[in-house]
Protein chains: 2
Amino acid sequence: MKFKEAKNKFVQTWGALGSQWGINKTMAQIHALLMVSAEPVSMEDVMEELQISRGNASMNLRALMDWGIVYKEYKTGERREFFTAEKDLDELAVKIARERSKREIKPALKVLKEVSSITANQTEEEKHFVDQTTKLYDFVLKADNVLDKITEYKDNWLTKLVVKFMK
Amino acid sequence: MKFKEAKNKFVQTWGALGSQWGINKTMAQIHALLMVSAEPVSMEDVMEELQISRGNASMNLRALMDWGIVYKEYKTGERREFFTAEKDLDELAVKIARERSKREIKPALKVLKEVSSITANQTEEEKHFVDQTTKLYDFVLKADNVLDKITEYKDNWLTKLVVKFMK
DNA sequence: ATAAACTTTCATTTATTTTTGAAAGTTTAA
DNA sequence: TTAAACTTTCAAAAATAAATGAAAGTTTAT
């Protein structure tokens, strides 16, 4: 396989993966492109390589920066902006985990707490509802706490997890 | 909050969450509904409660069964089919993790292996590509293995993880 | 101040995903 | 068998999400 072909395949695959994870295809593709680029990339280059419009590039780069996994860079003497992706994978995973916890898990926990707190009257139906949502709340809370703890390690958290867990 | 309201809120929230995870809204809503139902639920009831068409209900129930997190049940003397969700949360999480590993991680690993195996010629660009995709392959492989190990525990894997990790 | 170089915004268009509903298929009982 | 009770399928319609591109906005150099 030639380099260009490999690069394209990687970008496409990463993009397809993104859309199964609630991230839009272009956003994931841009991220893939930046991750395998040795040098910072301009918006013009992103548009060119992925064949997308200026607006699309701009909006998705912004979204990636909001996630904290893509950075703007300025080159001295250059007017335009360049972009690089977080390339450290431990760091990348930690940022994604934290962001998703904040955006999705925390709000879900709030709702679970609310709905599991209704006073169940005598019906089996209501008792089961309260029981099940309470279990769900406990489970998700525990999982979120584990995630917190794991990501606190930052460097090499995955390796540390392997070591701890395989014992 | 009244029971009906709480139930509805739960179903809606779970549905919204689903769509951020690449699962369609209705599928997640059906799952939510079944999870908090004490008794097996007929397709008619699913249609009625979620206000969806017969075709939609049928297709999404099928998809949930393909994931192995919803089961068909037959009541003696009843012609129609009833459905229940996996209610054990450890088991549910394990099934989801395994299915996603199979559907998403494994194929991605295959591609990563492929693209990281090109012979990089002298350019910095190509060397960086091979280096980065190799790191990615190693990382994802390690993560997938940890997931495997964790889900082997099945019962109480989360609790066991907490215990192991907090030490 | 002015203009060139560049980025962002957002109404509109385009593409993708989901839903519908009626026809076809299946199972069971008589 | 036949027909009633139920489920599945799938082409078409509807809903949703993403992309475009031109105008508006911003920054920098002169």
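Convention: sequence-line order gives letters A, B, ...; per-chain numbering from 1. Computed over heavy atoms, backbone and side chain alike; hydrogens, waters and symmetry mates excluded.
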For residues 20-27 of chain A, please give each side-chain donor-acceptor pair under 3.5 Å, one per line with the distance, not counting sequence neighbours.
unit_1  : atom_1 : unit_2   : atom_2 : d
A:Trp21 : NE1    : B:Glu104 : OE1    : 3.0
A:Asn24 : OD1    : A:Thr26  : N      : 3.0
A:Asn24 : OD1    : A:Met27  : N      : 3.0

- Kindly state each residue pair satisfying salt bridge (charged side-chain N to carboxylate O under 4.0 Å, His left out) with at least one member in residues 136-152 of chain B, sequence neighbours excluded.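 Listed by first then second residue: B:Lys106-B:Asp144.
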- Name all pairs fulfilling the salt bridge (charged side-chain N to carboxylate O under 4.0 Å, His left out) condition that reach into residues 27-53 of chain B, sequence neighbours left out, sorted by first residue then second.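 Listed by first then second residue: B:Lys7-B:Glu49, B:Glu44-B:Arg54.
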My understanding is that only residues two or more places apart in sequence, or in another chain, count here; which of them pass salt bridge (Lys or Arg N to Asp or Glu O under 4.0 Å) with [X]?
| X | result |
| --- | --- |
| B:Asp88 | none |
| A:Lys2 | none |
| B:Glu78 | B:Arg80 |

- Test B:Lys75 against B:Phe82 for side-chain contact (heavy atoms from CB on, under 4.5 Å), laying out the working first. CA-CA 8 Å; B:Lys75 289 193 185 176; B:Phe82 292 80; 3.9 Å; yes
- Query: Of all of residues 61-77 of chain A, which get a heavy atom below 4.0 angstrom from DNA chain C, listed by number?
  - Reply: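 The stretch gives A:Arg62, A:Lys72 as the residues lying under 4.0 Å from the strand, ordered by number.
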- Those residues that, when tested against A:Val70, pass side chain to side chain contact (heavy atoms under 4.5 Å, CB included) (two or more places apart):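 Testing A:Val70 for side chain to side chain contact (heavy atoms under 4.5 Å, CB included), a comparison that skips the adjacent residues, returns A:His31, A:Leu34, A:Leu61, A:Leu64, A:Met65, A:Phe83, A:Ala85.
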- Message: List the residues meeting side chain to side chain contact (heavy atoms under 4.5 Å, CB included) with B:Thr123, not counting sequence neighbours, and say none if there are none.
- Response: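 Expected list: B:Asn121, B:Glu125, B:Glu126.
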- With a 4.0 Å cut-off on heavy atoms, is A:Arg79 in touch with a base, just the backbone sugar-phosphate, or nothing at all?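 Contact class for A:Arg79: base.
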- Message: Does B:Glu81 reach a base, just sugar-phosphate, or nothing at all? Heavy atoms under 4.0 Å.
- Response: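 Contact class for B:Glu81: sugar-phosphate only.
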- Taking 5' to 3' order, which nucleotide of DNA chain D is first and which is last to have an atom within less than 4.0 Å of a heavy atom in chain A?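 Boundary nucleotides touching chain A, in 5' to 3' order, are D:dA18 to D:dT28.
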- In the 5'-to-3' direction, what one-character label does each nucleotide of nucleotides 15-20 of chain C receive under the scheme B = base within less than 4.0 Å of a protein heavy atom, S = sugar-phosphate only, - = no such atom? ---SBB
- Task: Name all residues meeting the ring pair (Phe, Tyr, Trp, His ring centres under 6.0 Å) criterion together with A:Phe129; count only those two or more places apart in sequence or in a different chain, and write none if there are none.
- Result: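 Once residues adjacent in sequence are excluded, the partners of A:Phe129 under the ring pair (Phe, Tyr, Trp, His ring centres under 6.0 Å) criterion are B:Phe3.
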